[in-house]
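Below you'll find the structure, written out as structure tokens, and then a few comments.
Numbered from 1 within each chain, the chains take letters A, B, ... in sequence-line order.
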Number of protein chains: 2
Amino acid sequence: MEQKNPIQVAGRLFGVLEFLADAGSAGLMEVSVALDLNKTTAHRVLNSLIYMGYARQNAVSGRYEPTFKVVDIANRIMGRVDIVQTVRPYLRKLMEATGETVHFVERDGNDAVYIDKVESMSNGIQMVSRIGSRIPLYCSGVGKAMAAEMDDWEIEEIWNNSKILRLTPHTITDRNDFKRELEEIRKRGYALDDEENESGVRCIACSLREPLGSARHAFSISAPVSRMDNGRLRELAASVLKVREEITRKLRASVAGPETVRKEMRYMHEQHEHREKCRLDAR
Amino acid sequence: MEQKNPIQVAGRLFGVLEFLADAGSAGLMEVSVALDLNKTTAHRVLNSLIYMGYARQNAVSGRYEPTFKVVDIANRIMGRVDIVQTVRPYLRKLMEATGETVHFVERDGNDAVYIDKVESMSNGIQMVSRIGSRIPLYCSGVGKAMAAEMDDWEIEEIWNNSKILRLTPHTITDRNDFKRELEEIRKRGYALDDEENESGVRCIACSLREPLGSARHAFSISAPVSRMDNGRLRELAASVLKVREEITRKLRASVAGPETVRKEMRYMHEQHEHREKCRLDAR
DNA sequence: CTCCTTTGTTTCATAATACGAAACTAAATT
DNA sequence: AATTTAGTTTCGTATTATGAAACAAAGGAG
């Protein structure tokens, strides 16, 4: 039993907020039933969210819906993640060169978290992924790419603490197969996800060589198998490795060199925040 | 006096979360002081956020920091906003044609909320804006573009309920000047923001003609004055109006036509969510 | 090295707060 | 007109969040 929430309402507040985010909109009773809350409690929680500006009640339908306030907070958080700003131009170039959607992730425990995504517009069929959502390391291209850079004990730890599930017929569920696969990745320099996580989707992924610390980020190209035969894969592998080199060079330069640029941007941002604050205070 | 929050801790929970989002990371005492909370209360609130996965305590520094969970929620919310998906390709094209950053907003009361942004990469100097953040209608290009489409009584209401501030020497602070300006916009078909909101920044903006309802969305091109002399402005005006027409046509088509496409995508998304749920339940 | 300051964590009695049953209103539905 | 359902308000009560105080642990100063 994992000890309970030190603040009971907290779970209810965020539960309702998440529910609204998923549902798009909901009536009081829907919320009440879905989260198993007393009608009155649901009502109070919703009003609290409204009071704080995280939800609103649609004037015509009377239904409750989320506002964009969480979106604002989310972007304040993302704004601080410098690596995204640094790497994005390269990922964009990669997307343009290949015409496929490119993802960028950061390691967090036994998962990878999507922190950026450059979508190809040309293709009708879009990959379904979301910034901020998670994917296990053991069964994803990006995950394996990062794991390949780690010490053996860390790999063991990841494997042991992951709930190994056969998500598709191709998912690797054997520890030794996994280790052999990582060995393979080390040789090649890039990782593959051959429908191991989602049927019909192939990925080619590769980790970043960062100046400090080991394997915290990776990027990938994902596409339906129909566009990812072995020939195409070889083609993409070349692009991926080239971009990896470019990013590596850039990151090395950033550490030694013009950190001032980053600081300047931070300053501009601070100035902007300041003006916004003034505006609010003036109410 | 605006009645108080029906759930006291709620304000504290979200207050702390927002603080962490802005600060990047913070110690217990920083939080305690900044939000005027008892040390113990701050501690409890932080632990509750950690318990729910919205914050974590850095293993080495011991400092508290936000996780990407809000980011995930934010993107679940944004994923439901169909208009963004529909319009983005056009905005991207506009960005590529002009080389300038393009913004897309939705009206919310007396403000506009940024709901999309296509950044130009080529230019070193980036505009500072954030998806989910707000800007008053009365002093922004996008705001005026939408206001120009409204009935007189609604314009009055917006003006009366806005806190009119002289943000820069160019800000319009007189009701009649404002109305004359809107008249001008109606004639031209697009709006200008000539350093009215932020010194040194000019915008050209224009609202969307949507099949149902009036003036809920607008887009704009923003750039430093140095890149936005009157000649350039005329050039951009042509592009902006052209894109507006393209979007209008597309929106009209979407209503009558292939709504199925949208439904299909929604279906794919639902499938994906389902798989994720299974994964979590399996724990 | 010791003392002192600062920060983070835990405990606990108490006051305040969130809780939910019930009553009530207003729409929909039959 | 009668019945059901959703949403809102009230209020006594039990639970829960609260904060003072004690404690632990990690720097900093002398």
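Between A26(B) and A10(B), the one whose closest nucleotide on DNA chain C sits nearer the 5' end is A26(B). Toward the 5′ end of DNA chain D lies the nearest nucleotide of G62(A), the other residue of the pair G62(A) and I7(A) mapping further downstream.
Remark: T40(B) is not in phosphate contact with dT18(D), judged by side-chain N or O atoms under 4.0 Å from OP1 or OP2. H43(A) has no side-chain polar atom (N or O) that falls below the 4.0 Å cut-off from OP1 or OP2 of dG7(D).
The side chain of M29(B) has dG8(C) as its nearest neighbour among dA17(D), dG8(C), dA6(D). Out of dT11(C), dC19(C), dG8(C), the shortest distance to the side chain of L28(B) is found at dG8(C). Out of dG8(C), dT17(C), dA21(D), the shortest distance to the side chain of Y64(B) is found at dG8(C).
Between the CG atom of L35(B) and the P atom of dT18(D) there is a distance of 13 Å, rounded to whole Å. Rounded to an integer number of Å, the gap from CZ of R44(A) to P of dT16(D) is 12 Å. Spacing between atom CD of Q57(B) and atom P of dT7(C) amounts to 15 Å, rounded to whole angstrom units. As a whole-Å value, the separation of Q8(A) CD from dA14(D) P is 16 Å. The separation between R12(A) atom CZ and dT15(D) atom P is 13 Å, rounded to whole Å. When rounded to the nearest whole Å, the span between CG of N47(A) and C1' of dT9(D) equals 11 Å. Computed from coordinates, the N38(A) CG to dT10(D) C1' distance equals 14 Å when rounded to whole Å. The separation between E65(B) atom CD and dG8(C) atom P is 13 Å, rounded to whole Å.
For dG7(D), the base has a donor-acceptor partner in the side chain of K39(A) [N/O atoms by modelled type, under 3.5 angstrom].
The local environment of CG in D36(A) is sparse, with at most 12 non-hydrogen atoms from other residues, nucleotides or ligands closer than 6.0 Å. Counted within 6.0 Å of CZ on R63(A), heavy atoms from surrounding residues, nucleotides or ligands total more than 12; the atom is thus considered enclosed.
Here D152(B) pairs with K179(B) under the salt bridge (charged side-chain N to carboxylate O under 4.0 Å, His left out) rule; sequence neighbours left out. Under the salt bridge (charged side-chain N to carboxylate O under 4.0 Å, His left out) criterion, E18(B) pairs with K69(A), R76(A), sequence neighbours left out.
Here the options are R209(A), R216(A), K144(A), the test is salt bridge (charged side-chain N to carboxylate O under 4.0 Å, His left out), and the partner is E149(A); only R209(A) passes.
Across the helix from dC1(C)-dG30(D) to dT30(C)-dA1(D), the helix axis at one end is tilted relative to the axis at the other end by 40° (nearest 10 degrees, each axis from five pairs).
Within the 4.5 Å cutoff, the side chain of L35(A) has no heavy atoms near those of the V45(A) side chain.
By the 4.0 Å N-to-carboxylate-O rule, R107(A) lies close enough to E154(A) to be salt-bridged with it.
No engagement by R63(B) is indicated, since no non-hydrogen atom pair under 4.0 Å with the nucleic acid exists.
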